[in-house]
Amino acid sequence: VAEHLAAGGVIARLEGDRVYVALVREGAFTDYILPKGHVEEGETPEEAARREIAEESGLTDLVLLGELGVRERLDFAKKGWKKTHYFLFTTRQKEGIPTDRARAYRLEWFPLDALPSMFWPEQRALVEENRERIRRALAQGS
């Protein structure tokens, strides 16, 4: 099975004492995803994560708070093995214009404790397993 390297991120911000997480929806899909995508030749995983976040959410003013680890799974077509590096970022941006207009991505913010339905189970697990770490990182960064 071919292996593919990807990168993406959890983008979180504080509003008052509440933590919000940026999620995107593509076109007519009803479930949400964390922005992520392929690492291109010559890119580091962090550079790829920043590019993919800009493409899918329009968020570009990102501050790296740390790495959240790697998640692995079969790709959507079940023909390749995907290894995705996830990073934790914060931003003061509330809105962005996705640079990938072909896929009609839409950015929305959700409270960390009230996430909507997410397409990839490992992404939801990543956020849930790191809730306290996300809160601590934002508290230290503010």
Side-chain angles (χ1 to χ4, degrees), residues 3-142:
E3 188 174 289
H4 305 283
L5 186 60
V10 174
I11 308 96
R13 65 178 171 81
L14 271 176
E15 193 169 296
D17 61 351
R18 254 184 133 173
V19 175
Y20 289 85
V21 174
L23 299 175
V24 294
R25 240 177 19 176
E26 182 182 345
F29 289 105
T30 57
D31 290 337
Y32 291 85
I33 59 171
L34 293 171
K36 62 135 185 75
H38 294 289
V39 175
E40 294 179 359
E41 191 172 328
E43 276 185 320
T44 67
E46 181 188 339
E47 290 168 339
R50 288 177 181 275
R51 178 183 49 74
E52 288 292 341
I53 290 166
E55 287 177 5
E56 296 181 11
S57 73
L59 298 173
T60 56
D61 185 20
L62 303 171
V63 176
L64 178 66
L65 297 178
E67 296 181 32
L68 293 177
V70 177
R71 299 294 168 141
E72 299 183 34
R73 63 168 170 79
L74 283 172
D75 65 11
F76 186 73
K78 296 189 181 350
K79 294 183 179 183
W81 192 250
K82 188 171 291 250
K83 286 179 133 179
T84 305
H85 293 257
Y86 285 98
F87 297 86
L88 175 60
F89 296 98
T90 190
T91 186
R92 292 186 178 176
Q93 275 182 275
K94 290 185 180 181
E95 296 181 17
I97 298 171
T99 58
D100 182 345
R101 304 271 170 85
R103 295 201 172 163
Y105 288 109
R106 290 182 313 281
L107 166 68
E108 293 184 47
W109 292 92
F110 293 92
L112 181 60
D113 295 319
L115 297 175
S117 176
M118 294 178 69
F119 186 80
W120 297 110
E122 78 275 5
Q123 288 187 340
R124 182 180 199 94
L126 176 80
V127 175
E128 290 176 350
E129 291 167 11
N130 284 284
R131 272 194 181 126
E132 291 312 311
R133 183 174 176 197
I134 293 167
R135 282 190 180 97
R136 282 192 310 273
L138 286 174
Q140 291 171 353
S142 61

| task | Apply side-chain hydrogen bond (donor to acceptor under 3.5 Å, both in side chains) to Glu108 and list each qualifying residue two or more places apart in sequence or on a separate chain. | result | Tyr32
| Any ion pair linking Arg103 and Glu56 (charged N to carboxylate O, less than 4.0 Å)? | no
| Contacts of Asp31 that satisfy side-chain hydrogen bond (donor to acceptor under 3.5 Å, both in side chains) - sequence neighbours left out | Ser117
| Do you see a donor-acceptor pair shorter than 3.5 Å between the side chains of Tyr86 and Gln123? | yes
| Using 4.0 Å as the upper bound for N to carboxylate O, is an ion pair formed by Glu52 and Lys36? | no
| request: For Glu129, check side-chain hydrogen bond (donor to acceptor under 3.5 Å, both in side chains) against everything at least two apart and list the hits. | output: Arg71
| salt bridge (Lys or Arg N to Asp or Glu O under 4.0 Å) assessment of Arg13 paired with Glu15 | CA-CA 7 Å; Arg13 65 178 171 81; Glu15 193 169 296; 2.5 Å; yes
| query | Are any of the side-chain nitrogens in Glu132 or Arg135 under 4.0 Å away from the carboxylate oxygens of its partner? | reply | yes
| said: Tell me if a side-chain donor or acceptor on Ser57 pairs with a main-chain N or O of Leu107 at a distance below 3.5 Å. | reply: no
| remark: Across all chains, not counting sequence neighbours, the salt bridge (Lys or Arg N to Asp or Glu O under 4.0 Å) partners of Glu72 are none
| query | Pick from Ile134, Leu64, Ile11: which one makes a side chain to side chain contact (heavy atoms under 4.5 Å, CB included) with Leu88? | reply | Ile134
| Got a sec, which residues hit salt bridge (Lys or Arg N to Asp or Glu O under 4.0 Å) with Arg131, two or more places apart in sequence or on another chain? | Asp113
| note | Contacts of Glu43 meeting salt bridge (Lys or Arg N to Asp or Glu O under 4.0 Å) (sequence neighbours excluded), chain-then-number -> Arg51
